[in-house]
Amino acid sequence: MAPAAANEESPYLRHWSRVYAEDPSARTREWHCAFDDAVDVLRPYVAPIVASSPSRSLVVDVGCGGSSIGYDLAKAFAFTDVLMTDIDPGIVEILRERYASSSSSSSSSSSAAAAPATRCEVADARSMPTVPTGAAVVVLDKGTVDALHGDDDKLATLRECVRMANRPDGVGVVASISFPAADRLRLLERVARETRVGLRVRVVGDGDPARGRRAVFVAVLGKRVERVETPRCELSETVLARIRRSGSVVEDEPAGEEDALTLFDDSDGDGDDS
Ligand SMILES: C[S@@+](CC[C@H](N)C(=O)[O-])C[C@H]1O[C@@H](n2cnc3c(N)ncnc32)[C@H](O)[C@@H]1O
């Protein structure tokens with residue numbers, strides 16, 4: 001695992017510092033979806049935390065970029081603190097200015113609630129030792145795991161998210177918002193199994209990705225999430241069943257034998273491929 005501090009050698013830092021330096025629109029971009037598109041899915045998991053929260057309650061957004069979802073969520077649910085983190089010091093500096101001047105300016109959904117105390121820090125999502133285990137009531141990953149290469153970095157980040165939300169009272173949750181992909185489901189299930197937390201996945205968007213519609217996964221991990229009652233969602237059931245059946249978000253049937261590549265032609269039927 002790479003060290004926690006963002007270092008010059010990190011390919012992630014190299015890539016994203018260039019993105020934020022060269023493209024001003026990236027500094028306010030919301031990847032996948034905005035707070036308003038995800039809040040109805042998150043509410044049944046997040047709202048009960050408020051009732052059982054201690055006097056201080058922290059939301060952590062890993063790889064927040066220019067997104068305001070961490071801030072918006074903290075404000076909407078009256079959590080007291082939010083920590084916005086990213087590997088790029090450039091975007092973190094922009095966020096510091098944004099939230100210092102008007103900590104309520106980016107919130108679209110909760111004008112009445114008090115603004116959370118907001119800190120913006122440089123951190124590598126794969127290892128965040130400055131956030132103690134169980135320090136957060138909610139940890140958010142929106143598009144950050146998607147931006148990492150390979151299972152090792154993705155798994156390290158998801159495990160780190162679960163660690164930060166692993167509160168002794170069991171109320172902490174991780175919300176991971178990502179591309180809808182069979183591989184992502186596999187990683188989420190693996191982390192849930194290893195860390196012994198529950199997992200729920202919703203598919204949110206304008207329709208079935210198999211019909212070319214735009215959809216995202218909104219996954220929630222936490223010790224108690226499987227006890228939470230939520231309304232049925234036909235789109236989620238369809239897409240998740242298809243993935244389990246075929247290993248694909250868009251294909252209804254698993255590859256048949258006729259699709260298999262054949263390296264050796266045994267046309268003489270003697271069973272000897274050599
Ligand atoms: C696809 S963008 C998503 C930004 C934001 N979360 C959103 O939803 O709009 C990926 C973000 O992850 C950040 N990032 C990439 N690698 C990272 C890492 N190892 N640690 C922390 N942040 C990282 C990038 O700087 C970028 O802001």
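On a predicted model such as this, the values are computed, not experimentally measured, just so you know. One is the number of the first residue; the rest follow in order along the sequence. Whatever order the structure lists ligands and atoms in, that order sets their numbers, starting from 1.
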*Asks:* I'd like to check which ligand 1 atoms, numbered from 1 as shown, lie under 4.0 Å from a non-hydrogen atom of L148.
*Replies:*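 So the atoms of ligand 1 that pass are 16 (N), 19 (N).
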
*Asks:* Nearest protein heavy-atom contact for atom 9 (O) of ligand 1: which residue, which atom, what distance?
*Replies:*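 Heavy-atom neighbour on the protein nearest atom 9 (O) of ligand 1: W31 N, 2.8 Å.
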
*Asks:* Does a donor on one side chain and an acceptor on the other come within less than 3.5 Å for Y45 and R200?
*Replies:*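 Yes, a side-chain donor-acceptor pair sits under 3.5 Å.
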
*Asks:* Side chains of V82 and R119, heavy atoms from C-beta outward: is any pair under 4.5 Å?
*Replies:*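 Side-chain contact under 4.5 Å: no.
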
*Asks:* Looking at D23 and R29, does any basic side-chain N land under 4.0 Å from a carboxylate oxygen?
*Replies:*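 Salt bridge between D23 and R29, a charged N being under 4.0 Å from a carboxylate O: no.
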
*Asks:* Counting from 1, what ligand 1 atoms have a heavy atom of Y12 closer than 4.0 Å?
*Replies:*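 Listed by number with element: 16 (N), 19 (N).
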
*Asks:* Write down the atom of G66, the atom of L95, and the distance for their closest heavy-atom approach.
*Replies:*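 Nearest heavy atoms, G66 then L95: CA-CD2, 4.5 Å.
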
*Asks:* Give the residue, atom name and distance (to 0.1 Å) of the protein heavy atom nearest atom 20 (N) of ligand 1.
*Replies:*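 Heavy-atom neighbour on the protein nearest atom 20 (N) of ligand 1: A125 N, 2.8 Å.
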
*Asks:* Touching ligand 1 at all, D86? Heavy atoms, strictly under 4.0 Å?
*Replies:*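 Yes.
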
*Asks:* For ligand 1, is any non-hydrogen atom under 4.0 Å from H32's backbone (N, CA, C, O), its side chain (CB onward), both, or neither?
*Replies:*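 Neither part.
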
*Asks:* Are R43 and D40 close enough for a salt bridge, meaning some N to O gap below 4.0 Å?
*Replies:*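 Here R43 pairs with D40 in a salt bridge, since their nearest N and O are under 4.0 Å apart.
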
*Asks:* Note the single closest protein heavy atom to atom 5 (C) of ligand 1, along with its residue, its atom name and the distance in Å.
*Replies:*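 Of the protein heavy atoms, C64 O, 3.0 Å lies nearest.
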
*Asks:* Counting only nitrogen or oxygen atoms and a 3.5 angstrom limit, does W16 reach ligand 1?
*Replies:*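 Such a contact does not occur with ligand 1.
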
*Asks:* Measure V62 to ligand 1 on non-hydrogen atoms and call it side chain, backbone, both or neither using the 4.0 Å cut-off.
*Replies:*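 Contact part for V62 vs ligand 1: neither.
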
*Asks:* Strictly by salt bridge (Lys or Arg N to Asp or Glu O under 4.0 Å), give each pair with a member in residues 225-251 just once, sequence neighbours left out.
*Replies:*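 Of all non-adjacent pairs touching residues 225-251, those that pass salt bridge (Lys or Arg N to Asp or Glu O under 4.0 Å) are E189-R244, D208-R242, R232-E237, R242-D252, R245-D252.
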
*Asks:* Please identify which atoms of ligand 1 are closer than 4.0 Å to at least one heavy atom of G65.
*Replies:*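 Selected atoms, number and element: 27 (O).
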
*Asks:* What residue and heavy atom of the protein are closest to atom 19 (N) of ligand 1, and at what distance?
*Replies:*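 For atom 19 (N) of ligand 1, the nearest protein heavy atom comes out as D124 OD1, 3.1 Å.
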
*Asks:* I'd like to know if R186 pairs up with D183 as an ion pair, taking the criterion as any Lys NZ or Arg NE/NH1/NH2 lying under 4.0 Å from an Asp or Glu carboxylate oxygen.
*Replies:*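 A salt bridge links R186 with D183.
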
*Asks:* Can a donor-acceptor pair be found between the side chains of D124 and Y12 at a distance below 3.5 Å?
*Replies:*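 No, because no side-chain N or O of D124 sits under 3.5 Å from a partner of the opposite role on Y12.
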
*Asks:* Do any heavy atoms of A123 fall under 4.0 Å from ligand 1?
*Replies:*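 Within the 4.0 Å threshold, so yes.
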
*Asks:* For atom 23 (C) of ligand 1, grab the closest protein heavy atom and report residue, atom and distance to one decimal in Å.
*Replies:*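 Result: I87 CG2, 3.6 Å.
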
*Asks:* Provide the number and element of each atom of ligand 1 under 4.0 Å from a heavy atom of G143.
*Replies:*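 Within the 4.0 Å cut-off of G143, ligand 1 contributes 1 (C), 10 (C).
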
*Asks:* Which atoms of ligand 1 have any heavy atom of E30 under 4.0 Å away?
*Replies:*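 Those of ligand 1 that fall under 4.0 Å from E30 are 9 (O).
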
*Asks:* Nearest to atom 11 (C) of ligand 1, what protein heavy atom do you find, and at what distance?
*Replies:*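 That would be G63 O, 3.5 Å.
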
*Asks:* Are a donor atom and an acceptor atom from the side chains of T157 and R126 found within less than 3.5 Å of each other?
*Replies:*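 No, because no side-chain N or O of T157 sits under 3.5 Å from a partner of the opposite role on R126.
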
*Asks:* Under a plain distance cut-off of 3.5 Å, with no hydrogens placed, do E121 and T85 share a side-chain donor-acceptor pair?
*Replies:*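 Absent: no donor and acceptor within the cut-off.
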
*Asks:* Hey, which atoms in ligand 1 end up nearer than 4.0 Å to a heavy atom of R29?
*Replies:*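 In order of numbering, the contacting atoms are 9 (O).
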
*Asks:* Looking at V191, L188, L187, which hits side chain to side chain contact (heavy atoms under 4.5 Å, CB included) with S176?
*Replies:*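 Only match with S176 under side chain to side chain contact (heavy atoms under 4.5 Å, CB included): L188.
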
*Asks:* Atoms of ligand 1 less than 4.0 Å from S67 heavy atoms?
*Replies:*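 This gives 5 (C), 7 (C), 8 (O), 9 (O) as the contact atoms.
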
*Asks:* Which residue and non-hydrogen atom of the protein lie closest to atom 26 (C) of ligand 1, and at what distance in Å?
*Replies:*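 For this ligand atom, the closest protein heavy atom is Y20 OH, 3.3 Å.
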
*Asks:* Tell me whether E194 is salt-bridged to R159, with the criterion being a basic N under 4.0 Å from an acidic carboxylate O.
*Replies:*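 Answer for the salt bridge query: yes.
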
*Asks:* Check whether the ring centres of F217 and H32 lie less than 6.0 Å apart, and answer yes or no.
*Replies:*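 Not under 6.0 Å, so no.
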
*Asks:* Tell me which protein heavy atom sits closest to atom 8 (O) of ligand 1, plus the residue, atom name and distance to 0.1 Å.
*Replies:*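 Scanning the protein heavy atoms, the shortest distance from atom 8 (O) of ligand 1 goes to K142 NZ, 2.8 Å.
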
*Asks:* Does an N or O anywhere in D88 fall below 3.5 Å from an N or O of ligand 1?
*Replies:*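 Between D88 and ligand 1, no N or O pair is found under 3.5 Å apart.
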
